[in-house]
Amino acid sequence: MRIATWNINGVKARLHNLLHWLKDSSPDVACLQEIKCADEAFPAFEIEALGYNVAVLGQKGLHGVALISKHPIEDVTRGLPQADGDEQSRFISGLIAPKDATPIRVASAYMPNGNPIGTEKFEYKLAWLQRLEDWAREELLREEPLVIAGDYNIIPEPIDAKYPGNWVTDALYQPEPRAAFRRISALGLTDAVRAVNDGGGLYTFWDYQAGAWQKNNGIRIDHLLLSPEAADRLLLAGIDRHVRTWDKPSDHVPVWADLA
DNA sequence: ATGGTTGGTAGCCAA
């Protein structure tokens, strides 16, 4: 079972790429972020025509997440607990229920960017990560397969950037969100890509600006974190780099994990 | 130090 995550940077502008990638890579489950459209504007018809089910938490123009699955999507939850007036659409989870296999809870999460540091945006990022940590802690008590996939907007380690020094004043590389990532990991979650490859040079995002892609000036900020019950089934994980060479690409590429 | 690009919505913001 292949579970993938992709910050698509506008599903309407990227529909051709999305359909191509779904046919090409054929993930069982795809977690999308930054769909940038309201629920009713999500291109469900075209995606369902490829044999997928769809669950969406949209928002007009900004953010927005979705789950796409070849298997039934049950028990969908939208938003994290402790919302306290938070109206940004950044989290959806569902129980992926294959006919003859163990169900897996999969979350599609779009962590706040948090720039610039020293503003309420950065504080919002930290508060959001705390809410995710609280949710994950509760969810892990079930001792069941769980995948928290998405655009974490966190560069976990220096090897996750081509030029770490370029990011020292950026919210994606600050000590606080990196510590939050470590705390969440330390709950017992496994970084799927890192688990199968402990080297550097693995990137999931290249800025549109200044020829970042051509220079391979990338960062690894899209992650799949696996509960122990999911990690036990991890076969392989990877990054669909080639998608960045397509016409009108997202600035992120899909990341995936294959579970037995 | 600055500028560089894209998407979405509507005269700039978020990334």
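Chain naming here is simple, since letters A, B, ... match the order of the sequence lines and numbering starts at 1 in each.
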Have a look at F205(A) and say if it touches a base, only the backbone sugar-phosphate, or nothing, with a 4.0 Å heavy-atom cut-off. nothing
Indicate whether any N or O donor in one side chain lies under 3.5 Å from an N or O acceptor in the other, for N217(A) and W206(A). no
Between N113(A) and P249(A), whichever has its closest DNA chain B nucleotide further toward 5' is P249(A)
Between the side chains of R131(A) and D84(A), is the shortest nitrogen-to-carboxylate-oxygen separation below 4.0 Å, so that they form an ion pair? no
Within this structure, what is the CH2-CD1 distance for the pair W167(A) and I155(A), rounded to the nearest 0.5 Å? 5.0 Å
Verify the ring-centre separation between W21(A) and W246(A): is it less than 6.0 angstrom? no
Between dG4(B) and dG8(B), how far apart are the two P atoms, rounded to whole Å? 22 Å
Closer to the 5' end of DNA chain B via nearest nucleotide, is it V11(A) or P112(A)? V11(A)
Roughly how far apart, to the nearest Å, are dA10(B) and dA14(B) at atom C1'? 15 Å
Min side-chain heavy-atom separation K36(A)-K12(A) under 4.5 Å: no
How far, in whole Å, is dT9(B) from dG3(B) if one measures between their P atoms? 28 Å
Roughly how far apart, to the nearest Å, are dT6(B) and dT2(B) at atom P? 23 Å
Terminal contacting nucleotides, 5' and 3', DNA chain B versus chain A (heavy atom, 4.0 Å): dG4(B) to dA15(B)
What nucleic acid atoms does H252(A) come within less than 4.0 Å of, heavy atoms only: base, sugar-phosphate, or nothing? nothing
P249(A): side-chain contact (heavy atoms from CB on, under 4.5 Å) partners, not counting sequence neighbours: R244(A)
